[in-house]
Amino acid sequence: MEYDDDHPDDPANRTNQDCDDIDRDTRLTEETDEIQDKEDDNTDDRIIHKVNCLLQEIEDDYCNHDCDDDAKERAEHTGISSFHLFKFICFFPGTDPLLHTDHLSICPPPLLIGEMQAMSQWKCSVCGYVYDEEAGEPSTKTAPDTPFDEIPHEWRCPVCAAEKSAFSVLPGEGESGPALSMIWRCTVCNYRYSEEKGEPATKTPAGTRFAELADDWRCPVCGAARAAFVMVRKDAIAHEQSGMTVSDVIIDGLLAAGIDLVFGLPGTSSLGLVDAIRKNGKVRYIVVRHGEAAAMAASAYNKLTGRIAACLTIAGPGATNLATGLYDAKEDGASVLSLNGQVEMQYTGEYGMQEIDQDAFFRPITVYNNTISDRKMTLLLLSRAIRYATLRHGVAQLSIPNDIQKQSLDPSICKTEIVIGEPAIIPDAASLRQAKEAIDSAISPVVIAGFGAYHDADAVLAFAEAIDAPILTTYRAKGILPEDHPRVISVLGSVGSPQARILAERSDLIIAFGVGFSKFTNVPLETPIIQVDTNPVRLGIGKKTIPLWGTCSETIPLLTKMAGKKTRHGLADELAGMKKAWFQQLEKEADSGAVPIRPPFIMKVLSDTLPFDSVICLDVGENQWWFGRNFLMKQQRFTMSGYLGTMGFGFPAAIAAKLACPEKQVICITGDGGFSQAMADFVTAVKYDLPMVVIIMNNRQLGMIQVEQLMENYPNFGTDLHNPDFAAYADACGGAGFRVEQPGALEGVVREALSMNRPVIIDVICDARRIV
Ligand SMILES: Cc1ncc(C[n+]2csc(CCOP(=O)(O)OP(=O)(O)O)c2C)c(N)n1
Ligand SMILES: [Mg+2]
């Protein structure tokens, strides 16, 4: 699921390009505004040159972007499109069109200029483009004589893509009043002088240009001199009248994209965003005790549901605290949106309080990474962040400076993009044929289901039944099918059964559906492999691989249809024998009399007791090893920190799981080391009333490290843990706590905890040794 850094769609490049585009658009708006201010002056060569440069810049862009064929052809022949020339003429009524004789062959003749001034014209408040009703708009196929009101609602400004609502009618030639009335703001008291309305208190008639005011004219509110006034841009006025802030627009945008869950920790540089959540009222906002938990929870939420949750923290330490959780998401291909406050724009740079270079900090973690440095960019960058997170399965980060969060913003004049779902990918016919031939001639094929096939369990089973092959799974795909199914032979890898290893090693063809090929799964790479993956960069693992670039949901049924039906004599009996031997081994290990309690016994009790549809959140360590090997999944779902393997994942994941599936039982299986990294947030579960059962396998050791030291012939050192009384801690937090030391008590306590409907910790004192 990962993307190569060298991919041509490299987010860093795209992001910079996007910023360049927007900067360029902004400069164009500013330049054209400047030109409008000077419309009464004689146009001089310098301004004409400047406009020509800008038009050329747009033209280059225009020729390279999507536009209709006619417009492209025109642009190629002439070097400029007609609407740009319209714009030029509109802004420069006095400009000699012969300066552009090259363009005259395809543009309205100069005669039109006079007519255009008398026509109804509409100006885009974002980029300054003018739509002329009589001329129409060729690049959007808007016919001449089309009144603006009759243009379809979805029509966009052909220059900047602003919506129709961003346009306002320009006064006609015969009408009185200024052609382009402006508003001026007093920088002392904020009073606004409108050229259109004039100023009754100083007897300034409507239509009086600011430049025409007497030199001794004073601000009617504070008495400031004319020099204290600055011009207010039209789009700024539109923003201020909208009643929404940038933060409001972001939170609305999240909801519009289906994101209604935010984990975070507030502070100075995120106050605007937090207040927007409060005002909105439809987004669930979970305030955690440590920023890392916010990111871990958001990662787990996506791994469990496929939906995106957001994290929201402050600049600097808030942002850095997210790093491990976001890295977990990156490694496991989970989509997460990280919204981070940033210091006010003027404090950007070194030595600012809580200021860090967030763009640089997040770059290695993210598939999309940007800062909203201009409010007009808000929806474009937000929609783009969500697109990248969704389609490139990773973390998208947006920093929003404190001052920008609070600025007013009219969302209707923001550019935006729609967020599309994951496209289905079907492998090419030649590769499919090759795969079919390999399947048809295989004698002992084995199916390995990975996390990429997690939602295609039925298709995996149908395929394996059609070609009569056993199914092994990676650890992350454990439970894709019930583990007691006759065709499913457990996990392959270091937590798997010897039987799974035998089947994989003796196979003459491995069919791998969405498998990550980690070293823990240890797929035999000398064997021919049919590899199905949505990421072409990951295809081609092993020496004899038939790569199928496709989504499992599309590809597996195709393979099933293409492959001939097979029956392998004796296989069913052999698989039954293997399963029996493995289950007997697990039973034998689950010693019900051993004190301290043996981990395999805990797994047996949990296998027998946890509801068939519960959600299990795992931590990292021996607890995870025993779960992978000895717990037997029915239809439960589980999540863990797969590739990053970070301690402290299990508990925040349980918070996310309960929010995602409030109707299901949520169980966190963790170690005493892992839980103590996340335990501050037990109060979060209590505060938000998130019932769950936390089972701490308390071996008073960093158990897995103890094992690793032994395996590498190091003496045990630095692995002992001094623990608090976890049950008392649960009580103190407002939850419930149990301590279990006797194996006979475990099942009863688990059942009681499941029935309590509140956050519960079961502190199970257990044996740290792997093998007795
Ligand atoms: C953040 C982090 N630090 C260190 C490790 C290395 N590590 C892996 S397992 C483990 C021990 C975990 O101890 P505990 O939670 O008590 O689980 P146990 O192995 O005892 O079941 C450690 C330290 C890690 N995976 N993640
Ligand atoms: Mg431990």
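For the single chain, residues carry numbers from 1 onward in sequence order. Ligands are counted one by one from 1 in listed order, and the atoms in each one are counted from 1 as well.
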> Counting backbone and side chain alike, does M704 bring an N/O/S atom below 2.8 Å of the Mg ion (ligand 2)?
Replying inline: no

>> If I take every N, O or S atom of Q701, is at least one of them less than 2.8 Å from the Mg ion (ligand 2)?
In response: yes

>> Within the 3.5 Å criterion, strictly below it, is a donor on H393 or E422 matched to an acceptor on the partner's side chain?
In response: yes

> In terms of side-chain heavy atoms, does E589 have a donor or acceptor partner in N630 at a distance below 3.5 Å?
Replying inline: yes

>> Between D608 and K604, does any side-chain N to carboxylate O distance fall below 4.0 Å?
In response: yes

> Can you name the N/O/S atom of D672 that is nearest the Mg ion (ligand 2)?
Replying inline: OD1

> Any chance the rings of F451 and Y454 have centres within less than 6.0 Å?
Replying inline: yes

> Can the ring centroids of F638 and F631 be said to lie less than 6.0 angstrom from one another?
Replying inline: no

>> I need the contact residues for ligand 1: any residue with a non-hydrogen atom closer than 4.0 Å to the ligand, ordered by chain then number.
In response: V620, G621, E622, N623, G645, T646, M647, G671, D672, G673, G674, N699, Q701, L702, G703, M704, I705

> Which pair of heavy atoms, one from H290 and one from D681, lies closest together, and at what distance?
Replying inline: N-OD2, 3.5 Å

>> I want to check a possible cation-pi pair here: K478 against F627, using under 6.0 Å from ring centre and within 45° of the ring axis as the test.
In response: yes

